[in-house]
Asks: 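Below are the structure tokens for one structure; questions will follow.
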Amino acid sequence: MHAPIKYFEKGLAVAANGAWVVFNGLNKIKQNPAFTPKWSDKPLLKSYQKTKPPLGWPRETDSLCPTCTREARQAILDGKKDVGILLNEKVGEIKATILERDGKILMVKDCPIHGHFEDVMAMDTAFFKHLEDVFPGRDIRAHNDETLHNHGSSTVKHGRGSVLTVDLTNRCNMMCDPCFMDANQVGFVHELSWDDIKQVLDNAITIKPKRQMSVQFSGGEPTISPHFLDAVRYARTVGYNSVQAATNGIEFAKSPEFAKAAADAGLRYAYLQFDGIGNAANAHRRVGNLFDVKLRAIENLHGAGVDIVPVVTIVNGVNNEQVGRIIEFALDNPKTINFLSFQPVSFTGRDEEITDERRQAQRYTLSHLAHDVKNQTGLGEPTRDWFPISFMGTFTDWADVVHGQDAAWGQLTCGCHPNCGVGMAVMIDKETKEAVPVTAFLHAEQLAKDVARVNDAGRGKKLSVVGMTLAVMRNYDPFKAPTHFKLVDLLKKFDKTFGATKKAQSGGYGRVEGDRTAADIAKRRADRWNFLFIAGMWFQDLFNYDFRRTEMCIIPYATQQGEISFCAYNTGIGWRNIIEKMHMTATLTKWYEEHGRHEIFAGGKAVPLASTAHSLKLNEAAVRAGAQTDLDERGIAKNAREEKLRARSGVRLPPSHEASADRRSLDGGGQPDIEKDAKYHEEMAKLYRQHVLKEQPTLSILGLGGKKKTELEVRS
């Protein structure tokens with residue numbers, strides 16, 4: 001039986017609906033033109049002015065031949081072709097068609113040299129169509145960006161970005177699969193100097209529209225960079241209020257003092273690698289006690305005031321059965337976890353030359369994620385509760401209007417292609433742990449249409465706030481909301497997120513800027529309601545590459561050669577491989593001579609922890625469950641290392657042999673035995689260089705733009 005407040009709120013919703021009809025009618029009269037804010041040289045876009053890439057199916061797009069691309073990249077790395085061809089030629093590019101077949105959405109393409117390629121884009125056509133139908137359109141075109149966005153076909157063209165990724169180092173204290181950057185295996189160290197770090201952060205705020213992005217320090221493992229804490233501190237100083245670290249959590253788990261130092265420097269979020277519940281679920285990462293490490297990292301970071309975002313690389317047949325268990329973990333710990341990021345595997349880095357058999361078995365799409373969430377947890381209807389993350393653009397547009405012409409920064413806007421990222425919001429009562437998808441009690445599609453009408457009128461702050469309030473109220477169904485949830489709680493959530501009222505501006509909810517205090521953190525955490533956002537971000541690989549997605553990238557890499565789309569950097573033509581060698585810090589041999597070896601946890605080696613105690617609630621059955629065995633039962637390799645071992649031996653190696661082989665690749669101190677005369681590692685290194693890197697004895701790369709380096713020699 002519903003409480004009386006629910007009936008009262010239903011009456012308010014009905015009244016708001018009537019008031020909206022009058023408000024909307026008046027709002028159409030003599031609408032104001034869009035203004036140009038300080039953070040842009042171009043005016044805000046009305047909803048009807050926004051452009052869209054080609055959507056629907058069948059449709060043609062520009063893609064890449066996986067083989068041509070790898071060959072062209074290697075020719076550049078070998079010095080046989082000038083890297084400048086990437087700016088002036090369509091290297092490796094072929095046409096692709098996105099179509100429906102047998103109830104699935106596929107990308108199919110044919111190279112005149114290397115033949116036919118195809119891959120699955122979605123296993124649910126209705127879900128795929130829904131995402132594209134509700135896409136609100138592209139953000140303001142990037143401008144004042146010529147020096148940083150200049151990468152030929154891979155150039156970022158639209159929007160203001162949302163997460164600026166800065167790789168501090170390619171060194172890592174793990175050596176796991178999958179790894180999109182192939183950390184610790186490329187034979188040299190690429191590590192940003194302090195001057196490099198300041199330069200890329202300073203450069204980022206010169207682009208228009210000026211972007212209130214998150215800055216994410218990544219790697220490798222960013223915490224092993226000697227500049228990590230200073231980089232966090234400087235990013236806050238420059239003006240970014242959301243500074244993140246993409247981390248495996250080892251250093252944070254080992255030292256609560258380090259977690260506290262990071263928080264004091266200004267770290268707001270830890271994007272924590274988190275592949276499942278229990279050590280068995282993380283066994284494919286080859287660290288003996290990795291789940292214990294995650295729990296201690298969460299404990300230390302949360303205690304220091306840093307928010308945690310578990311980041312889950314989902315590989316079909318390896319850990320897709322963990323989707324429900326990880327969401328259950330978040331639901332059981334709503335005071336600690338308020339964001340989950342699932343990332344379907346991208347076959348790049350160590351996995352770029354994957355066999356067709358393994359690729360087809362391990363492919364996992366955003367539609368798989370939506371259905372796994374429903375099937376494993378009972379939460380969410382794929383076409384009702386999941387939206388492209390760019391759907392929020394309508395609401396951040398509203399915030400831009402409300403904040404006015406004199407705002408120093410534009411809102412953080414996730415304006416990526418609808419095929420790139422999705423999300424479902426769940427409202428959780430921290431006291432009772434009742435959880436309901438927000439879009440079960442808030443008609444999101446109609447709300448977005450209403451808010452777009454408010455934005456288009458451009459009436460200024462007061463009337464825009466009135467319009468948003470009426471739109472929220474009329475699209476709210478109190479009877480489907482959580483038991484103790486009230487309309488005022490929903491309105492506060494909007495205000496807390498978008499900062500429309502004096503309470504938000506004065507820090508009444510707790511500040512997030514660089515001068516935030518422990519009291520601010522406590523204020524934000526005191527909210528009874530946890531707005532848990534379950535996101536899926538699907539990065540491209542050479543088999544599903546679409547340049548219409550690349551040019552709308554919201555996660556650019558800040559590099560010594562400008563800002564490059566995440567997918568163009570890690571996949572595509574492989575700007576990472578090229579730039580890291582152009583700006584190599586030292587060969588591995590030279591680095592070890594000058595700095596010594598950093599500790600690496602691999603081959604089952606455990607991380608030493610002072611304590612394994614934690615305050616998190618766990619499902620003990622999930623913790624005790626064994627590793628997923630789907631691929632073992634089908635005789636399919638789980639990773640690139642396993643594939644190479646099989647190729648070398650000509651037979652399938654049992655898991656025990658593969659594990660012992662992996663252990664043999666480490667010396668007694670748990671370090672990679674890269675340069676010792678161990679027969680096993682020598683063979684593996686040779687195999688890796690021959691078939692993956694395809695390196696010649698000497699590599700010469702000509703400089704590209706900016707600070708030119710005439711020639712760089714890398715000894716393999």
Side-chain angles (χ1 to χ4, degrees), residues 62-96 109-117 150-155 170 180-182 185-188 190 346-355 540-547 550 557 559-562 564-584 587-588 640 644 685-716:
D62 297 305
S63 187
L64 291 165
C65 167
T67 308
C68 285
T69 302
R70 292 196 301 267
E71 290 175 351
R73 180 197 309 150
Q74 195 59 49
I76 293 170
L77 293 173
D78 291 346
K80 296 176 181 177
K81 289 188 177 180
D82 191 294
V83 69
I85 64 171
L86 301 183
L87 305 185
N88 307 308
E89 300 179 21
K90 296 184 178 296
V91 179
E93 293 186 34
I94 58 174
K95 296 294 183 182
K109 51 190 177 183
D110 290 278
C111 172
I113 302 172
H114 299 107
H116 186 72
F117 300 91
N150 181 26
H151 303 96
S153 297
S154 300
T155 299
N170 70 346
F180 62 77
M181 73 163 296
D182 204 13
Q185 292 278 46
V186 294
F188 62 87
H190 174 265
S346 169
F347 297 117
T348 188
R350 298 215 219 290
D351 290 295
E352 191 173 68
E353 295 196 16
I354 188 171
T355 62
Q540 302 179 88
D541 51 49
L542 290 175
F543 304 96
N544 54 32
Y545 204 85
D546 185 347
F547 281 94
T550 304
Y557 268 85
T559 79
Q560 290 132 317
Q561 299 296 155
I564 306 175
S565 153
F566 187 102
C567 292
Y569 193 61
N570 292 307
T571 304
I573 195 61
W575 283 93
R576 173 190 291 280
N577 308 66
I578 295 164
I579 290 174
E580 287 190 349
K581 288 209 171 169
M582 287 172 62
H583 296 274
M584 181 187 72
T587 63
L588 200 61
K644 290 176 178 60
K686 181 179 178 182
L687 184 70
Y688 185 86
R689 291 185 180 280
Q690 179 182 353
H691 294 289
V692 180
L693 296 181
K694 294 184 172 68
E695 289 188 349
Q696 303 299 318
T698 301
L699 302 179
S700 298
I701 304 175
L702 299 180
L704 169 67
K707 238 161 92 177
K708 290 198 179 246
K709 294 190 176 182
T710 55
E711 186 170 313
L712 176 68
E713 290 193 343
V714 181
R715 302 288 177 184
S716 61

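Because the structure is predicted, anything quoted here is derived from the model rather than measured.
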Asks: Look at the rings of Phe566 and Tyr557 and say which category their plane angle falls in: under 30° parallel, 30 to 60° tilted, over 60° perpendicular.
Replies: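 Tilted: the ring planes of Phe566 and Tyr557 meet at 30° to 60°.
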Asks: Checking Thr155 side chain against Gly152 main chain: does a donor-acceptor pair fall under 3.5 Å?
Replies: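 Looks like yes, one N/O pair under 3.5 Å.
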Asks: Is the shortest heavy-atom distance from the side chain of Lys81 to the side chain of Glu89 under 4.5 Å?
Replies: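 A side-chain contact is absent here, since even the closest heavy-atom pair is not under 4.5 Å.
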Asks: Does Tyr545 have any ring pair (Phe, Tyr, Trp, His ring centres under 6.0 Å) partners at least two apart in sequence or in another chain, and if so, which?
Replies: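 Ring pair (Phe, Tyr, Trp, His ring centres under 6.0 Å) check on Tyr545 returns Phe547.
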Asks: What do the steps show when you test Leu542 against Thr67 for side-chain contact (heavy atoms from CB on, under 4.5 Å), and what is the final call?
Replies: CA-CA 9 Å; Leu542 290 175; Thr67 308; over 6 Å; no
Asks: Donor-acceptor pair, Thr348 side chain versus Asn570 backbone, under 3.5 Å?
Replies: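 Pair found, side chain donor or acceptor close to backbone of Asn570.
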Asks: May I have the step-by-step check of side-chain contact (heavy atoms from CB on, under 4.5 Å) for Lys109 and His116, ending in yes or no?
Replies: CA-CA 6 Å; Lys109 51 190 177 183; His116 186 72; over 6 Å; no
Asks: Starting from the C-alpha separation in whole Å, work towards a yes-or-no answer on side-chain contact (heavy atoms from CB on, under 4.5 Å) for Arg576 and Thr571.
Replies: CA-CA 8 Å; Arg576 173 190 291 280; Thr571 304; over 6 Å; no
Asks: Going through the checks in order, is the side-chain contact (heavy atoms from CB on, under 4.5 Å) test met by Trp575 and Ile564?
Replies: CA-CA 8 Å; Trp575 283 93; Ile564 306 175; 3.9 Å; yes
Asks: What's the separation between atom CG in Asp351 and atom OG in Ser346, rounded to the nearest 0.5 Å?
Replies: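 Asp351 CG to Ser346 OG: 9.0 Å, rounded to 0.5 Å.
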Asks: Could you pull out all residues at least two apart from Thr355 that satisfy side-chain contact (heavy atoms from CB on, under 4.5 Å)?
Replies: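 Applying side-chain contact (heavy atoms from CB on, under 4.5 Å) to Thr355 gives Glu357, Arg358, Glu643.
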Asks: Suppose we screen for salt bridge (Lys or Arg N to Asp or Glu O under 4.0 Å). Which residues come up paired with Asp62, at least two apart in sequence or across chains?
Replies: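 Applying salt bridge (Lys or Arg N to Asp or Glu O under 4.0 Å) to Asp62 gives Lys95, Arg548.
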Asks: Answer whether the closest heavy-atom distance between the side chains of Val91 and Leu64 falls below 4.5 Å.
Replies: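 Val91 vs Leu64: side chains apart.
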Asks: What's the spacing between Leu77 CG and Glu580 CD if we round to 0.5 Å?
Replies: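 Answer rounded to 0.5 Å: 11.0 Å.
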Asks: Show your working on side-chain hydrogen bond (donor to acceptor under 3.5 Å, both in side chains) between Gln74 and Asp78 and close with a plain yes or no.
Replies: CA-CA 6 Å; Gln74 195 59 49; Asp78 291 346; 3.0 Å; yes
Asks: For Glu352, which residues count as a salt bridge (Lys or Arg N to Asp or Glu O under 4.0 Å) partner, sequence neighbours excluded?
Replies: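 Glu352 satisfies salt bridge (Lys or Arg N to Asp or Glu O under 4.0 Å) with Arg73 only.
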Asks: On a heavy-atom basis, which atom in Cys68 and which in Gly92 lie closest, and how many Å separate them?
Replies: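 Heavy-atom minimum between the residues: CB-CA, 4.1 Å.
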Asks: At their closest point, which heavy atom of Ile578 faces which heavy atom of Val83, and how far apart are they?
Replies: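 The answer is CG2-CG2, 3.7 Å.
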Asks: Restricting to side-chain hydrogen bond (donor to acceptor under 3.5 Å, both in side chains), what partner residues turn up for Thr559, sequence neighbours left out?
Replies: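 Thr559: no side-chain hydrogen bond (donor to acceptor under 3.5 Å, both in side chains) contacts found.
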Asks: Applying side-chain hydrogen bond (donor to acceptor under 3.5 Å, both in side chains), name anything that partners Ser153, two or more places apart in sequence or on another chain.
Replies: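 Once residues adjacent in sequence are excluded, the partners of Ser153 under the side-chain hydrogen bond (donor to acceptor under 3.5 Å, both in side chains) criterion are Glu93.
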Asks: Is there side-chain contact between Met584 and Thr587, with at least one heavy-atom pair below 4.5 Å?
Replies: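 Yes - at least one pair of side-chain heavy atoms lies under 4.5 Å apart.
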Asks: To the nearest 0.5 Å, tell me how far Ile354 CD1 sits from Phe347 CZ.
Replies: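 Separation between the atoms: 4.0 Å.
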Asks: Can you check side-chain hydrogen bond (donor to acceptor under 3.5 Å, both in side chains) on His583 and Gln561, steps first, answer last?
Replies: CA-CA 9 Å; His583 296 274; Gln561 299 296 155; 2.7 Å; yes
Asks: Answer yes or no: is there a donor N or O on one side and an acceptor on the other, between the side chain of Asn544 and the main chain of Asp541, under 3.5 Å?
Replies: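 Confirmed, Asn544 side chain pairs with Asp541 backbone.
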Asks: Could you tell me the separation between the OG atom of Ser63 and the CZ atom of Phe117, rounded to the nearest 0.5 Å?
Replies: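 With rounding to 0.5 Å, OG (Ser63) is 10.0 Å from CZ (Phe117).
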Asks: Heavy-atom distance under 4.5 Å between the side chains of His151 and Leu86, does that happen here?
Replies: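 Contact flag for His151/Leu86 side chains = no.
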